[in-house]
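Beneath this line is the structure, given in structure tokens, with notes to follow.
Only this structure's heavy atoms are used, side chains among them; waters, hydrogens and symmetry mates stay out. A quick note: this is a predicted structure, and the numbers were derived from the prediction, not measured.
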Amino acid sequence: MDSLKSWVSEHKLSSIGAVWASGIVASLAYNRARSSYKPSVRLIHARLHAQAFTLAVLSGAAAMHYYEGSRAHAHAREAGEEVAQNTLG
């Protein structure tokens, strides 16, 4: 899990593009099997589904970035308090 997390962290745009492309492919496959729409309508629906999926992933990434940032800030503050206590004590 950590290796996947580090790869995604290093290749943010590639991973977002991969999520978008996989959303398009999955939606096209689903719509082809389940609906009788014209191909142009299927493509429009696939694009909308992929965009919604990408927005969900981006929102999750933003939440994770915020959570990691607040955790790092808390750790830095605790480390600063320990240094201050060691210098005073």
Going by atom type alone, with no hydrogens or angles, which donor-acceptor pairs under 3.5 Å involve a side-chain atom of residues 50-66 and a protein atom two or more places apart or on another chain?
residue : atom : partner : partner atom : Å
Gln51   : OE1  : Arg47   : NH1          : 3.3
Thr54   : OG1  : Ala50   : O            : 2.7
Ser59   : OG   : Leu55   : O            : 2.9

Which other residues end up in the same hydrophobic cluster as Leu13, if Ile, Leu, Val, Met, Phe, Trp and Tyr are linked when side-chain heavy atoms come under 4.5 Å apart?
none
Donor-acceptor contact present, side-chain Ser6 to main-chain Ser3, <3.5 Å:
yes
Restricting to non-hydrogen atoms, name the atom on Ser27 and the atom on His45 that form the minimum distance, rounded to 0.1 Å.
OG-O, 3.9 Å
Starting at CG of Leu48, measure out to CD1 of Ile24 and round the result to the nearest 0.5 Å.
9.0 Å
Here the pair of heavy atoms bringing Ala46 nearest to Asn31 is N-ND2, 4.3 Å
Apart from Tyr37 itself, which Ile, Leu, Val, Met, Phe, Trp or Tyr residues share its cluster (side-chain heavy atoms under 4.5 Å, direct or through members)?
Val41
